Each structure stands twice: as structure tokens, then as C-alpha cells.
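This is a predicted model, so every value here is computed, not measured. We use all heavy atoms of the structure for the numbers below, so side chains are in, but hydrogens, waters and symmetry mates are not. Here is the naming used below: chain letters follow the sequence lines, and residue numbers restart at 1 for every chain.
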Amino acid sequence: MDKIIVTSALPYANGPLHIGHIAGAYLPADIYVRFQKLLGADIIFVSGTDEHGAPISIKAESEGITPKEIVDRYHKNISESFKGLEIDFDNFSGTARPEHHEISQRFFLNLLKRGFVSKKEGKQWYDPKHNRFLADRYVEGICPFCGSPGARGDQCDSCGKLIDSLNLIEPRSKISGEIPILKETAHWYLELPKFTDELKNWLSTKKNWKDNVINFIMGWLKDGLKERAITRDIDWGVPVPLKEAEGKVLYVWFDAPIGYISSTIEWAKKIGDPERWKKYWLDPKTRLIHFLGKDNIPFHTIIWPAMLMEQELDYVLPDDVPANEYLNLEGQKMSTSRNWTVWVEDFLKNFSGEYLRYYLAANAPESKDSDFYWKEFQNQINNDLANVLGNLANRVFLFAKKYFDGRIDKESDFSDQTAEIIQRIGNDIIPITEAYQTYQVRKAIGLIIDIARFGNKYFDETKPWVTVKTDVIKAKETLYNCMNLLRIISITLFPVIPGSMRRLRKMMNLNVEFSLKDISVTEDYFQIGETEPLFSKVEDNLIENEIVKLKSASIDQSGLEHKAEISYDDFSKMEFRVVKILKADKIPKSGKLLKLTVDLGGEIRTVVAGIAKSYSPESMIGKQVAMLINLQPRNVMGIESQAMILAAHHGESLSVLVPDNEVPAGSEIS
RNA sequence: GGCGGCGUAGCUCAGUUGGUUAGAGCAUCGGAAUCAUAAUCCGAGUGUCCGGGGUUCAAGUCCCUGCGCCGCUACCA
């Protein structure tokens, strides 16, 4: 039997998990793995926390603790969320572990030795106060071409020219404001262009990949692959294994996917068979399947395969990369910074993890973005699970207990209907298994709940509460068939809500160890044991609380970042005036810019404003707005902008400031 | 602006390689039933399949175009 490795993108260990993570990468993988295990597949499911990188070290610094402490905190936190959701990895590791460092270094060295990594030397600005090298955009100074101040190290906004940060006049660190030191440094680059043909050939064999994945990759290949730096000058990460590279680490995106392998190695050791990982990773027939969100596609379909291609061991390449789209929340994009999200740990305080599994699986962003609506969550749980499935179980069990002591035998004189039902359900199994195998969990769930719906209909139509008094065999037949449906559901829905399906089987005294093949087993009798309602309903007030909580938490922007205090002098240097907009035009080839012609009381100026996403040109004409007048002119898209419009921004949307009453054009603002 | 995606019933969506009267769930309305967590079952719908044009015997499906929304990206904030 072919082996399968399933991975979920490594969660970054600088914060807890939210429902978007679960819907995109973890739940679909867990369901797939559980289904494959029911099929008897030889499959392992690995992941781990991604524990390196600047955000973690910066967070640690700001809390006055070590990066390791941050990582340990969130590794634990994330693991607990997974546990609460029954997402069962065979191994869940972390990239700060020695095993991972070792193999990541080997990956680097192999690529270097084979000529796919090259070193590039150069000087780079270094912030002496923070002891770190500064990326170009973190250095500011006077533009060497046009002499304007405030030019970034990569490009001057004033004249638009690309500049070399080393030529900046009077450079300053944007992090500390200190004068940076010029230091010699070197970086290593992964030469992706060299992989172009090999990647194209390999990708051309991938006929069954999702369209969204293929489109994404083709875009990259069309633009041409670019070499990418794989080292960084920070102190938290996998050290670059070269003497000359002291103080440098591998870039996180380079070492993170290697975590899939190191996690498997860790797993092999844990089960006391340290070489076992090779049987998966080095067997060309192994199907390597990466579950992830769409933002991760290029790493897993271009960079990661390239890395695997040139190793001393023949690693298997990804067989499939079922990328999911995004989960929105109440119609809006999720955002952790605005706190517009639902954290898994919070969810689990009030609701069963099975409910989240069910709802997210039934509304998974499989082929396009989908939405999490609290109200819809409640509806779907109460209808599908409590009313349709839960009620079917409950009515059947209670009825059987009331009249038959819970024991229902399969009688030889059941009608033809019994055979028909078995036939019908048998036909349903094929599309259900196909759906699971092609990652169409929404479809699988729909088909399974339909079985429960059919059960209720059948129960109603055969009226066992009547036949039990007139024709006992008929009543038994109804119950037997309904129980059989429940038995089949307990298997087919198991990958989605394993805990509830296990409870269902216990109530029916069915074996808790089972496989997909058991679907076709014919039970001679059912003996119902102790029962309880399978699902409790989600009450209105809980949902209302969540909606209120979400809305208030997102408004509470306690973490405002303030700028440094300024003097009145500083303020008085700025000349703000109300201007009247005479003319407004779209700037060709620009998505966000409008060219405004404004009157500031006799003087006419041209202003380029980045407001086109929020305002049409027509809507601006005649408007009075606030502007900063004495800002140094800037050349934007070939037009000199001679003032700056003031606008409030909330997320992506902008709102220009207008005076409360009509005032003469040019009125000063103070 | 470039690339990609999306636009189907009040809501969330499904519609396989173009093929009969365009479907499901939820919500709404009417009815039945009483074994069951007032759960269930039956019935009723409603659609300019975003607009316009084209290819075809036949278009929700393919092509062109317009509009709207989303993502990446550029200019920018």
C-alpha cells in the first residue's frame, strides 16, 4: 500500500490560533487523514510550530524575555487549541529543536555544494543601538539625486529614482533614529532561476491540482523566477553553518518547510524506530500532501520543491497542494490587529470543538472565500446536528427502549423496503468517499446529512408508533433500518466529528474500532445501551454574546501607537488651509491616485491624492477639504503634487476632512 | 494600471466535458403527525443565472465587451 504524508502549514509561534487557521490548513488535513485512516491507509500527519524569525525576537525583546520563552508559551497554547479541536497530529514538533537545526543546515549545505546557493557580498547599514542590520527600507536620508530629505534606502519618493542605500546622504535608522554604521556583510541567495525548467517539467505532471493553485504558480513562472536571499542578520534562527557566516541565520521561509521532515524524524524516534521516517520521505511512491492557506502556495509549489530537488537524498516531491481560500468573519476580512477574529481558545470556553469542526467543514473555503457568521453557525448546528441527526438518533433509541428494551433483531420477514434502503445507501457511499478523497468535504457532509434526513422521512412514513400496536414486525423493521442508517453515519461522518460519532457508537454498543469496510456489514441485531441526546442546541443568548463581544473587542483599539511628542514650534511650522476643489481627474495607470486642482484663495495648485479607491473624481469637485500646504512638493507619477490632502483612514477606506460650515477658500486651519 | 478570481432564489451556496421544465440547505407561508431535544414530515413558491453583444440546432456553462466586488502587484497612503 502506498504511503501518505500529510502536513499542515506550520503555525507561527507568536500568537494563538484563530478560526481562519483552522478552516484553511488544519481541519481539512485532519479530516483527510482520518478518512484515509478509515480506509486503512499507511499515513502520517505531521506539523509543528514555526519558531524563528524577527517578529518572535522582537516580541521577546519587548516583553523582556527570551524568544524561547515566547515560543514555548505559544507552542503550548497552540497545542491545547488543537487538542480541544481533536486535531490529531502523529507528531507536532517545533523548529527551534536541535534535530530541525541540523537538517536545515544540511539542506543549506547541499544546495550550496551543488551550486544552487550563491554568496553575495556587500556593505549594509547597521544600527549600533539595536545591534542589527537594517533592511534598505529601514534607512532614511537625503536623496543623492534630487537632494530631498526623507528618501528611503531603496527608493526616493521625491524623484522616484531607485537608489542604493549606501549612497544616501545623512542616513538615519528608522528604528532608533541613530546614525547607522556601514558594515561589511554577505548574504546567500537561492538561485531559483536555475530551477525553472525542472520546475516546469515537474509541474506539468500535476493535472489534478486545484485551478487556484495552478493559476498562482503560472503567474510566478511567467514573470520569471528571481533569486531570493535565504539568510538574515539576526540572532534568532537556524545558524548558517559556515564559519564566515557567524551571526547569521537562515531565513524563516527557508527552514520552515523543512520542519515537515524534522517533525517526521522526531516522530520516528518517539515510536522507537528512528529510521522509519525514510520509508515515507524517500519512497518515490509516497504521496506528500501539503494543506495550507492560499498565501502559502508559492512556497510549497516553487521554493520548497526546488529545495527538495537538489539534496543528497532523493526526497519525494509534493504530490498535491490542496490550498484553501480565506475564511471571512461576518462578511469582513479577518484581521488580528483589529481583533476581528474568533480565537480558538475563546471559542472552546463556550462551545464544543466538534461544533466548530462541523461548521467550518460544512462551510470550508474550498474553492472560494467563505464566511463565518455566528448566526449561521447556530443555525447549522441546531438544524443539521441537533434537529436532523440528533433527533433521528434520539427518537429511534427512545422508541426502541420503550417498546423493545432497546434490542432490535433483524427478522427474516422484513419487507423488500429493507433491501431497497440498503441498496440506496450503498449507492450513496461512492460519492461520499469520492468527495472525501478529492477534498470536497462540504459535499461529503451534505450527502451524509441527507442520509439522516431520509431516516426521518422514512420513520415518519412508516409510522412505527402505529405499527407497534398493529404489526410489531413492521415497527421493528423501521427501527432496524433507522439504526442501520445511524450506524453508517457513525462511520462516514467520523472524520468530521469523531468525538460525537464515537459517542453515537457507544450508545449503540458498536465497536469503537472500525473501518470504512464495516459499512457493508450486516448486523444481526442492535442493542441500544445508555443514551443521551447526541447534540445540545446552541442557545440564542450565547450567540448574541459572541456577536456583541466581537463588535466591542474590535472597536477597542487599546493598542494605539503614538508618535513622539512635538513642540508648538514644530506644529506652527505646518500650514494647513481649507481649499476648494476645482477639478478632479483620474491619473492614468494608477489605481489609487486622483489629480486635484485646488483653489486656496486666489492661488491655484495641483495636488496628487491617494483617494481614488474611496472617492470618484466627480464626487470631489466643488468640495472643501483640509490640506497641508507647505509640504515640500513631490513628483508622483510625473505630476508635481503641491500639497497634501488630509483624510481619516479606517482600514482601507478613506474619509477626507471637510469644514463644518462653508468657509472662504484658503482659510487657515489651526 | 498589470495578473488572477468572483458575480446563480431573501440568505449561504451547488451546477461535471455546452443538452430537456436551473437545483440544495436555511429563512418565509400553508398543512399533517405526535415516537422524539416544538424536534419531524408534506406542500407552495419566487430567479432578466450581473448588463450588452457574439459563436452554436442548443449557452448559467464557450468568446468579446461593460459594470461591480475580492486577492496579489505597481504607483501611493
Side-chain angles (χ1 to χ4, degrees), chain A residues 155 157 160 211-220 222-223 293-295 297-298 325-326 328 331-333 359 362-373 375-380 382-403 431 434 438 440 442-443 445-447 449-450 452-469 475 478-479 482 531-537 539 586-594 608-614 634-639 641 644-649 652-654:
Chain A
Q155 189 172 15
D157 286 334
D211 291 341
N212 56 347
V213 177
I214 293 288
N215 283 333
F216 210 106
I217 304 167
M218 286 317 172
W220 264 52
K222 217 171 88 189
D223 288 348
K294 61 180 166 186
D295 50 329
I297 292 172
E325 304 286 313
Y326 284 147
N328 295 322
Q332 289 178 48
K333 225 183 131 176
Y359 179 66
N363 293 284
E366 283 165 359
S367 56
K368 59 178 148 184
D369 291 356
S370 65
D371 262 288
F372 184 104
Y373 287 104
K375 203 69 200 158
E376 195 181 78
F377 162 75
Q378 179 193 24
N379 261 336
Q380 190 134 22
N382 289 354
N383 278 312
D384 289 6
L385 293 186
N387 294 349
V388 176
L389 176 53
N391 182 242
L392 175 66
N394 198 238
R395 70 199 300 202
V396 168
F397 295 164
L398 294 189
F399 197 100
K401 282 169 137 181
K402 188 169 169 184
Y403 293 100
E434 265 177 17
T438 51
Q440 295 173 280
R442 299 170 70 128
K443 187 174 175 189
I445 288 177
L447 291 167
I449 295 300
D450 277 345
R453 287 207 167 87
F454 169 76
N456 278 317
K457 180 185 162 85
Y458 168 71
F459 193 98
D460 271 26
E461 283 171 353
T462 52
K463 295 182 172 38
W465 59 91
V466 174
T467 57
V468 74
K469 289 170 185 137
T478 299
L479 293 180
C482 286
T531 60
E532 55 172 0
L534 199 48
F535 304 102
S536 58
K537 288 199 185 181
E539 301 295 337
K586 275 215 154 125
I587 295 178
K589 301 204 174 194
S590 158
K592 292 188 185 172
L593 303 179
L594 289 186
V608 177
I611 55 171
K613 296 259 170 178
S614 301
R634 284 186 178 188
N635 201 331
V636 182
M637 303 285 290
I639 300 167
S641 180
M644 187 172 137
I645 195 164
L646 301 186
H649 31 103
E652 293 281 293
S653 71
L654 292 169

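Residue-nucleotide stacking is present for Trp465(A) and C35(B), judged by a side-chain ring centre under 5.5 Å from the six-membered base ring centre and planes under 30° apart.
Ala452(A) and Val388(A) make their closest contact through CB-CG1, 3.7 Å (heavy atoms, listed as atom of the first residue, atom of the second, distance).
The same atom, C1', is picked in C70(B) and in A9(B); the two are 23 Å apart, to the nearest Å. Nucleotides C35(B) and C26(B) have their C1' atoms positioned 26 Å apart, rounded to a whole Å. The P atoms of A59(B) and G51(B) are separated by 15 Å, rounded to the nearest whole Å. Nucleotides U48(B) and G7(B) place their P atoms 16 Å apart, quoted to the nearest Å. Distance check on atom P: G1(B) versus A44(B) gives 49 Å, rounded to whole Å.
Note on Pro464(A): nothing from the nucleic acid sits closer than 4.0 angstrom, heavy atoms only. At a threshold of 4.0 angstrom between heavy atoms, the contacts of Tyr326(A) with the nucleic acid are absent. The residue Phe535(A) sits close to a base: some heavy atom pair falls under 4.0 Å. Note on Leu534(A): a base of the nucleic acid sits closer than 4.0 angstrom, heavy atoms only. Residue contacts shown for Lys457(A) are limited to sugar-phosphate atoms, with no base heavy atom under 4.0 Å away.
In this structure, Lys463(A) atom NZ and C42(B) atom C1' are separated by 10 Å, rounded to whole Å. The distance from atom CD of Gln440(A) to atom C1' of A14(B) is 10 Å, rounded to the nearest whole Å. When rounded to the nearest whole Å, the span between CG of Asn379(A) and C1' of U12(B) equals 11 Å. When rounded to the nearest whole Å, the span between NZ of Lys443(A) and C1' of C13(B) equals 14 Å. Rounded to an integer number of Å, the gap from CG of Leu392(A) to C1' of A38(B) is 17 Å. For the pair Asp460(A) CG and G43(B) P, the interatomic distance rounds to 13 Å; values are reported in whole Å.
A 6.0 Å sphere centred on NZ of Lys401(A) holds more than 12 heavy atoms belonging to other residues, nucleotides or ligands.
Counting only distance, with no hydrogens or angles, the side chain of Arg442(A) and the backbone of Glu366(A) share no donor-acceptor pair below 3.5 Å.
Place Arg395(A) and Asp450(A) on RNA chain B by their nearest nucleotides, and Asp450(A) ends up nearer the 5' end. For the pair Arg453(A) and Lys402(A), nearest-nucleotide mapping onto RNA chain B gives the more 5' position to Arg453(A).
Checked against C70(B), C41(B), U37(B), the side chain of Asp369(A) finds its nearest nucleotide in C70(B). Nearest to the side chain of Asn391(A), among U40(B), C13(B), A77(B), sits U40(B).
Between the side chains of Asn363(A) and Gln380(A), a donor-acceptor pair is found at a separation under 3.5 Å.
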For the pair Lys457(A) and Asp460(A), evaluate salt bridge (Lys or Arg N to Asp or Glu O under 4.0 Å) and give the outcome as yes or no after the intermediate values. CA-CA 5 Å; Lys457(A) 180 185 162 85; Asp460(A) 271 26; over 6 Å; no

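The base-pairing partner of U56(B), taking Watson-Crick or G-U wobble contacts with both distances under 3.5 Å, does not exist among the strands shown. With a cut-off of 3.5 Å on both Watson-Crick or G-U wobble distances, the partner of G45(B) is given as none. Taking a pair to require two hydrogen-bonding distances under 3.5 Å in either a Watson-Crick or a G-U wobble arrangement, U40(B) pairs with A32(B). Look at G71(B): its Watson-Crick or wobble partner, with both distances under 3.5 angstrom, is C3(B). Summarising the base pairing, A24(B) is matched to U12(B) through a Watson-Crick or G-U wobble pair whose two defining distances lie under 3.5 Å.
Taking the six-membered ring for Trp, Phe399(A) and Tyr403(A) have ring centres closer than 6.0 Å.
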